[in-house]
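Each ligand, and each atom within it, is numbered from 1 in the order the structure gives.
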Amino acid sequence: MFEVVIGLEVHVQLNTNTKLFCGCATSFGEAPNTNICPTCIGLPGALPVLNKEAVHKAIMFGKAVNAKINQTSIFNRKNYFYPDLPSGYQISQFEIPIVGEGELFIDFLTESDKHKEDGSTKRVGIARAHLENDAGKNTHHGNASWVDLNRAGTPLLEIVSEPDMRNADEAVRYLKKLHSIVRYLGISDANMQEGSFRCDVNVSIRPKGDTKLYTRCEIKNMNSFRFIARAIEFEVNRHIDAWEDGVYDKVIVQETRLFDVNTGETRSMRGKEDSADYRYFPDPDLRPVIISDEMLAEYSKIPELPDEKKNRFVSEFGIKEYDAAVLTSSLEMALFFEEMMKEGISGKNAVTWLSVELQGRLKEGATIENCGISAKTLATVVKRIEDGTISGKAAKDVLDYLMTKEPVITVPDNVNSMADLVNAIDNQDVDKLIDCLGLKQVSDDGAIIAIIDEVLNANQNKVAEYKSGKDKMFGFFVGQVMKLSKGSANPNKVNDLLKEKLS
Ligand code: ADP
Ligand code: ZN
Ligand code: MG
């Protein structure tokens, strides 16, 4: 009955060394009002000078989303009053942004590699991306409000989507894709907790089939995918309820709203201005930004992007498209995987041991980078399974020990030298660890045959049953051999040799 319409504005803080229009540092977490100068606190007469690195990074982004780059763009003053904006205007881009129309593709891959009926990808239009400076920060302490201008003037790239998303899921997928593109480009740390990647969510509804846009509400400054989804759901319900109660025109007005994480509701913050209210005009202190052809060529060089990496992982390492999409959604994971593959192991095994075993063992707050085990070490563990040195089960033990951080570790009975064990863990020496823990599989035919003979001799009536057609006895024999070998026999070998013996 209704269709949901969502458009997103994402503010990405570019990781330039200095601010957008002055030489102040862009560092995070310094004492309040220490990274400031006359320009970024908007003193009259101080002149802005555009940061070339920000222009470079904006163009890299434009290239990544297949956008038109405007080789001439201009900066405008967007006039409004707010205590954290002492100049009374923000320097932004309006009529001609540096990055024009582009596009981004979101994925709907599922684990079974079966795609949604509407296809495996959806195109979301990008309307524009423009450079602007950030404001400072207000903090409220009892009755007093403090202003910290350290952040004032840091460069933002505001990426504005077309209103192309139809539900919260699509919006979150769009944001995740955008986040990973920005991380791959290395143009921002995109740290959401610190606000380096934050989003304004515009939501409206309309009767299905209608193509006009209805009144939108904008939910400001969201920095968690989970809360964004919840805010959209709340807002959609509010719009639909208003429509169904016949009060849509009264209740739904163009406004800026805030999401309250405690109640899960949005509430009105202020009426939303139309662009005319900002009295945009070209900033007389800044000349148009002109990108020469040479500059454009130079700035257009970008690294491999998530989709390209995903496709390459599929063709080069033979892994499932879904797995490749999960791996490449995070740059850290993708690089870790590539590093593992340098050890010549199977792609499928690498996926399992990285995304199931290693990730499953990460404690709260731990990341693949600081978990203490390198890609090479993990790949060595996998290699030892592949060459039959250890069983998959033993490999899990090895990984547990490698990732032990506690000063006291449980010493298995069969460890001869505690010092050797600690050493092996400290040095992340997989082979030594396997030795210490006595996990080596017995793959030697003679030793396994001896055990098989023992088992078959002790169970002669069962052998007779098997030979008379009771096939499922086979599993019993395998179990007995494994038990007698204390789990150390190579199960593939056991299978082969048993078959031979019993035929
Ligand atoms: P402003 O900065 O005033 O919010 P922008 O044009 O920068 O305006 O951003 C508007 C955003 O809202 C865009 O992402 C656009 O796709 C989206 N949008 C516009 N109209 C609607 C609507 N009716 N419903 C949902 N989203 C909308
Ligand atoms: Zn400054
Ligand atoms: Mg907006």
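- Using a 4.0 Å cut-off between charged side-chain N and carboxylate O, Asp169 and Arg173 make a salt bridge.
- When non-hydrogen atoms are compared, ligand 1 lies under 4.0 Å from the backbone of Glu162 (N, CA, C, O) but not from its side chain.
- Set against the non-hydrogen atoms of Glu218, the atoms of ligand 1 under 4.0 Å away are 4 (O).
- Here the two rings, on Phe94 and Tyr278, have centers that are 6.0 Å apart or farther.
- For Ser292, the side chain to side chain contact (heavy atoms under 4.5 Å, CB included) partners at least two apart in sequence or on another chain are Glu294, Met295.
- The shortest N or O to N or O distance between Lys78 and ligand 1 is not below 3.5 Å.
- Ion pairing between Glu255 and Arg238 holds under the 4.0 Å rule for side-chain N and carboxylate O.
- Any protein N/O/S atom under 2.8 Å from the Zn ion (ligand 2) was counted, giving 4 altogether.
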Applying side-chain hydrogen bond (donor to acceptor under 3.5 Å, both in side chains) to Asp148 and Thr139, what does each step give before you reach the verdict? CA-CA 8 Å; Asp148 174 8; Thr139 48; over 6 Å; no
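- For the side chain to side chain donor-acceptor pair (under 3.5 Å) test, residues two or more places apart in sequence or in another chain that qualify with Asn66 are Glu103.
- Within the 4.0 Å heavy-atom criterion, neither part of Asp200 lies near ligand 1.
- Residue contacts with ligand 1: Leu213 is placed with no nitrogen or oxygen under 3.5 Å of a nitrogen or oxygen of the ligand (distance criterion only).
- Residues Gln71 and Asp293 have side chains that bring a donor and an acceptor to within less than 3.5 angstrom of each other.
- Contact atoms of ligand 1 toward Ser204: 22 (C), 23 (N), 24 (N), 25 (C) (distance under 4.0 Å to a heavy atom of the residue).
- Polar contact with ligand 1: present for Ser161 (N/O pair, distance under 3.5 Å).
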Determine all donor-acceptor pairs shorter than 3.5 Å in which one atom belongs to a side chain in residues 239-247; sequence neighbours excluded.
| residue | atom | partner | partner atom | Å |
| --- | --- | --- | --- | --- |
| His239 | NE2 | Glu235 | OE2 | 3.2 |

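- For Ser120 (side chain) and Leu109 (main-chain N/O), no donor-acceptor pair under 3.5 Å exists by modelled atom type.
- For atom 12 (O) of ligand 1, the choice among Val5, Asn202, Leu8 with the nearest heavy atom turns out to be Asn202.
- Of the N and O atoms on the side chains of Lys57 and Asn15, at least one donor lies less than 3.5 Å from an acceptor on the other residue.
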